[in-house]
Amino acid sequence: LNLYRRTYWLANMVKDGKKITGPEQLKDAAYGCARIRGDTLGIVGLGRIGSAVALRAKAFGFNVIFYDPYLSDGIEKSLGLERVYTLQDLLFKSDCVSLHCSLNEHNH
């Protein structure tokens, strides 16, 4: 979220005392800052941490999709998410991807 909305850089500008006196300076300061509502967040691995991220992302307005080959069917309905069945589909449909899986011989 911090990287997506550039909140760290904008907060540092304020902390350093940079004054913004008009709409053009505000526009320049927020350059590259993306809107979240309606964008799609793809989550790889919907375990404890992945599902917590998914619920928070939904609260911010993301459309959330996930890929997890180890989960049984039906979890997407209980969380109100969309499931994709291949990693390629997730990468194709996502504007932003969050990884929540352990590294092992199957996904190396």
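Model, not experiment: these values are computed from the prediction.
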| request: Look only at the side chain of N63 and the backbone of G38, and say whether a donor-acceptor pair between them is shorter than 3.5 Å. | output: yes
| said: I'd like to check the salt bridge (Lys or Arg N to Asp or Glu O under 4.0 Å) partners of D73; sequence neighbours left out, ordered by chain and number. | reply: R83
| said: With a 3.5 Å distance limit and no angle check, can you tell me whether D89 reaches the backbone of V84 through a side-chain donor-acceptor pair? | reply: no
| query | For G50 and I43, which heavy atoms make the closest approach, and how far apart are they? | reply | O-CD1, 3.6 Å
| said: Suppose we screen for side chain to side chain donor-acceptor pair (under 3.5 Å). Which residues come up paired with S94, at least two apart in sequence or across chains? | reply: none
| message | Taking the side chain as everything from C-beta on, heavy atoms only, tell me whether V53 gets closer than 4.5 Å to L46. | response | no
| Does F62 offer a backbone N or O that forms a donor-acceptor pair with the side chain of D39 under 3.5 Å? | no
| field | Pairwise distance SG(C101) to OH(Y70) - rounded to 0.5 angstrom | value | 9.0 Å
| Which value, rounded to the nearest 0.5 Å, describes the distance between K93 atom NZ and T40 atom OG1? | 9.0 Å
| request: Might you confirm whether atom CD1 of I49 has over 12 heavy atoms from other residues, nucleotides or ligands at distances under 6.0 Å? | output: no
| What's the shortest heavy-atom distance between R37 and F60, and which atoms? | NH2-O, 4.1 Å
| field | Donor-acceptor under 3.5 Å (K58 side chain, L79 main chain) | value | yes
| note | Distance col, row L81:CG vs S51:OG, nearest 0.5 angstrom, shows 9.0 Å
| field | L87: side-chain contact (heavy atoms from CB on, under 4.5 Å) partners, not counting sequence neighbours | value | V44, Y67, L90, L91
| Check: D95 and L41 side chains under 4.5 Å, non-hydrogen atoms | no
| remark: Taken to the nearest 0.5 Å, the spacing of R48 CZ from H100 NE2 works out to 11.5 Å
| When rounded to the nearest 0.5 angstrom, what distance separates OG1 in T86 from CZ in F92? | 11.0 Å
